[in-house]
Amino acid sequence: MSGDMSADMSADIRAGFRAALQAARRHTAQAGAETVLDQLLRGSWRDVLPALLRETGGMDMVGDDSGQRAVPDPTLFGTPGLALARSLRAVPVRLDGDPGRLRLAMADPWDDATLRRAAQAMGRRVPPIAATAAQLDGWLGSAPSASSDASSSVSAVGNSTGGALPEGPVVAFVDQALRRAYEVGASDIHFECDRHGVTVRLRRDGVLTPHERMEGARQAEEAISRIKVLAQLDITERRLPQDGRFRIALGGGELDLRVSIIPSVFGEDAVLRLLDKAQLRDPADQVSLDLLGFDASGAAMIRELAGLPHGMLLVTGPTGSGKTTTVYAALSEVNNGIEKIITIEDPVEYELAGVLQVPVNERKGLTFAKGLRSILRHDPDRILVGEIRDAETAEIAVQSALTGHQVLTTVHANSVFDVTGRFKHFDLDMFGFMAALNGVIVQRLVRCLCPHCVADRPATAREQQWLVDMGLPRPETVPRPVGCEHCGGTGYKGRRVIAEVHTIDDGFRDLVTTGAPVSALREHVYRKGVRTLSQLGADMVSRRESSAEEIKRVVGW
């Protein structure tokens with residue numbers, strides 16, 4: 001081809017260029033280290049590329065033979081600044097320093113979705129210009145930015161831009177929160193924005209503890225933008241909730257984080273759930289019922305229920321009560337390698353050896369109900385359903401339990417009586433549900449007192465009466481948390497489970513299906529000797545394992 005090609009190109013040349021463009025896009029999507037322009041410059045189109053760009057898209061490329069110079073200005077993206085530029089791989093540039101010659105240098109200048117997001121951030125549509133990876137990386141690393149969110153010391157695995165960027169205070173603030181949460185074993189990180197800045201709180205052992213604060217409303221917005229960039233969310237959308245996830249390298253391994261962004265009166269708040277999937281990856285380190293703190297009789301009953309050939313075992317409790325971990329522990333103990341075990345979860349929280357684990361993806365149409373239908377065609381012996389949320393999932397799970405499968409699942413309810421009411425609201429056939437139900441585990445997670453600093457205080461009259469009602473001697477003192485360096489000043493270190501394990505018998509089934517009142521159900525259940533959560537909590541207080549305040553907070557009296 002000749003470099004003197006006229007503007008009136010033949011249809012064959014234009015068609016050939018479009019094919020080359022598609023091939024370059026495919027290669028770039030797979031490799032991720034180059035731009036579309038890099039791929040085209042490497043091919044036979046190099047000499048005529050400037051003319052082709054103008055012919056097919058009315059655009060230029062940075063550094064062509066016109067000798068134009070591009071000056072980057074990511075401040076035109078507003079508050080997100082360089083964070084949005086890195087996310088889009090697009091940088092606003094001024095050609096030859098002329099404010100009237102503004103262009104958007106892009107890795108793929110034909111990408112309409114990126115152009116729309118950039119236009120939304122800038123408040124106008126700017127003509128695109130093609131750029132190489134080296135040019136983009138150079139600008140992203142050296143351009144002045146209104147946002148101090150400029151780097152990635154904690155980088156999302158597989159999402160690195162390749163530029164060596166200086167670390168800013170916002171990025172350091174977010175990264176330090178991620179590291180600290182991992183180090184102390186927190187389950188969630190809360191970024192809470194107010195009128196004057198952002199506060200980070202970590203959920204440790206089920207309660208929120210303050211971590212750090214950054215002043216400045218603008219810095220608060222940039223901290224949320226940093227999280228959006230890591231989770232590959234829309235950094236320009238601030239009016240609607242967004243959910244995402246990302247993976248980071250921490251502590252010599254990889255950690256998955258689930259992200260939830262929600263708008264507030266002061267901007268947006270973010271909650272990050274830490275999911276350490278590697279916890280159950282090694283069979284030698286798998287969690288067990290004993291390790292979780294179940295007493296001997298409760299653990300034995302759960303093992304018996306989980307080992308039944310068919311039927312349903314339900315674990316219930318409020319959010320954060322360890323339901324999924326209990327189901328994993330029960331499943332791990334019956335995973336003998338001779339049965340087909342399949343799980344469907346949202347998300348997959350831990351990896352189980354020898355188990356087929358299916359993640360829910362509602363954006364793509366893979367719901368619990370649809371996934372469960374497909375699972376049944378894979379001839380499973382045991383099925384774990386992460387959570388029953390709707391009537392369709394409940395109906396399929398019950399039918400699976402009735403047709404020869406063992407189903408282990410969770411549902412949000414506070415007691416065994418609330419479970420029956422929850423499934424009534426699903427408008428299920430209660431006879432079929434009760435026929436399928438083998439057992440219900442009602443559990444809570446209770447913080448344990450730090451053994452290094454536990455002390456005593458006089459028991460109040462109300463505490464004394466509670467312990468007497470629970471069948472224990474009237475105490476003069478009860479243990480109290482103090483706080484030391486071993487427990488981070490909280491007075492508590494670690495948590496253990498307390499649980500009511502209910503085996504469903506025909507008497508209970510008859511009461512439910514005939515519509516008996518809750519008082520009759522309660523009398524039948526506890527007449528069999530099942531110990532209540534309050535009794536189990538009182539035992540912990542008498543053994544100085546937890547405090548009366550903690551039992552009241554978690555269980556009530």
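Between His211 and Gln176 there is a side-chain heavy-atom pair separated by less than 4.5 Å. Side-chain contact between Phe191 and Thr199 is absent, with no heavy atoms from C-beta onward closer than 4.5 Å. Between Glu362 and Lys364 the shortest side-chain heavy-atom distance does not fall below 4.5 Å. Within the 4.5 Å cutoff, the side chain of Val541 has no heavy atoms near those of the Ser547 side chain. Side-chain atoms of Thr326 and Phe294, non-hydrogen and from C-beta on, do get closer than 4.5 Å to each other. Residues His412 and Arg389 have side chains not in contact (no heavy-atom distance under 4.5 Å, counting atoms from C-beta outward).
Legend: residues meeting side chain to side chain donor-acceptor pair (under 3.5 Å) with Asp269, ordered by chain and number and at least two apart, are absent. Scanning for ring pair (Phe, Tyr, Trp, His ring centres under 6.0 Å) contacts around Phe508 gives an empty result, with sequence neighbours left out. Residues passing the side chain to side chain donor-acceptor pair (under 3.5 Å) test with Thr316: none are found, sequence neighbours excluded. Evaluation of the side-chain contact (heavy atoms from CB on, under 4.5 Å) rule for Asp295 yields Ser297, Leu536 as partners, not counting sequence neighbours. Every side-chain contact (heavy atoms from CB on, under 4.5 Å) that Thr490 has, sequence neighbours left out, goes to Cys487, Tyr492. Residues satisfying the side-chain contact (heavy atoms from CB on, under 4.5 Å) criterion with Met301, sequence neighbours excluded, are Val501, Thr503. Partners of Arg544 according to the side-chain contact (heavy atoms from CB on, under 4.5 Å) rule, which considers only residues two or more places apart in sequence or in another chain, are Val454, Asp456, Pro479. Residues passing the side chain to side chain donor-acceptor pair (under 3.5 Å) test with Thr513: none are found, sequence neighbours excluded.
Using a 4.0 Å cut-off between a side-chain N of Lys or Arg and a carboxylate O of Asp or Glu, Glu549 and Lys552 do not qualify as a salt bridge. We find that Arg180 and Glu212 are not joined by a salt bridge, their nearest charged nitrogen and carboxylate oxygen being 4.0 Å or further apart. Salt-bridge formation is detected for the pair Lys228/Glu268: a Lys NZ or Arg NE/NH1/NH2 atom is positioned less than 4.0 Å from an Asp or Glu carboxylate oxygen. For the pair Asp256 and Arg273, the salt-bridge criterion is not met [side-chain N within less than 4.0 Å of a carboxylate O]. Salt bridge Arg531/Asp539: present, at least one basic N to carboxylate O contact under 4.0 Å. At a threshold of 4.0 Å, the pair Arg258-Asp346 does not count as salt-bridged, since none of the basic side-chain nitrogens sits closer than that to a carboxylate oxygen. By the 4.0 Å N-to-carboxylate-O rule, Arg204 lies too far from Glu183 to be salt-bridged with it. Between Glu392 and Arg373 there is a salt bridge, since a side-chain N of the basic residue sits under 4.0 Å from a carboxylate O of the acidic one.
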Can you check side-chain hydrogen bond (donor to acceptor under 3.5 Å, both in side chains) on Asp505 and His524, steps first, answer last?
CA-CA 10 Å; Asp505 57 14; His524 176 84; 3.0 Å; yes
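No donor-acceptor distance shorter than 3.5 angstrom exists from the side chain of Arg496 to the backbone of Leu291, with no hydrogens or angles considered. For the pair Asn361 (side chain) and Leu366 (backbone), a donor-acceptor distance under 3.5 Å is absent. In this structure, Gln406 contributes its side chain and Leu308 its backbone to a donor-acceptor pair below 3.5 Å. Within the 3.5 Å criterion, the main-chain N or O of Ala306 finds a donor-acceptor partner in the side chain of Arg382. The main-chain N or O of Leu202 is found under 3.5 Å from a side-chain atom of Thr209 such that the two form a donor-acceptor pair. Glu333 places a side-chain N or O within 3.5 Å of a backbone atom of Leu289 that can act as its donor or acceptor partner. For Gln464 (side chain) and Pro475 (main-chain N/O), a donor-acceptor pair under 3.5 Å exists by modelled atom type. Between the side chain of Glu237 and the main chain of Arg239, a donor-acceptor pair closer than 3.5 Å is present.
Taking each heavy atom of Val554 and Arg444 in turn, the nearest pair found is CG1-CB, 3.6 Å. Ile441 and Ala499 get closest at one heavy-atom pair: CG2-CB, 4.0 Å. Residue Leu352 comes nearest to Ser332 through the heavy atom pair CD2-OG, 3.5 Å, listed as atom of the first residue, atom of the second, then distance.
By the neighbour-count criterion of 12 heavy atoms within 6.0 Å, atom CG of Asp379 is sparsely surrounded, having that number or fewer from other residues, nucleotides or ligands. Within 6.0 Å of the CZ atom in Arg543, the count of heavy atoms belonging to other residues, nucleotides or ligands exceeds 12. Other residues, nucleotides and ligands contribute more than 12 heavy atoms inside 6.0 Å of the OH atom of Tyr526. The 12-atom threshold is exceeded at CD of Glu339, counting heavy atoms of other residues, nucleotides or ligands nearer than 6.0 Å.
Note on residues 511-523: pairs passing salt bridge (charged side-chain N to carboxylate O under 4.0 Å, His left out), not counting sequence neighbours, are Glu523-Arg527. The salt bridge (charged side-chain N to carboxylate O under 4.0 Å, His left out) analysis of residues 405-424, with sequence neighbours excluded, yields no pairs. Screening residues 459-469 for salt bridge (charged side-chain N to carboxylate O under 4.0 Å, His left out), with sequence neighbours left out, gives Arg457-Glu463.
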Show me the donor-acceptor pairs, under 3.5 Å and distance only, between side chains in residues 395-402 and residues at least two apart or in other chains.
| from | atom 1 | to | atom 2 | distance (Å) |
| --- | --- | --- | --- | --- |
| Glu395 | OE2 | Gln399 | NE2 | 3.1 |
| Ser400 | OG | Ile396 | O | 2.7 |

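To the nearest 0.5 Å, atom SG of residue Cys193 and atom CD1 of residue Ile224 are 4.0 Å apart.
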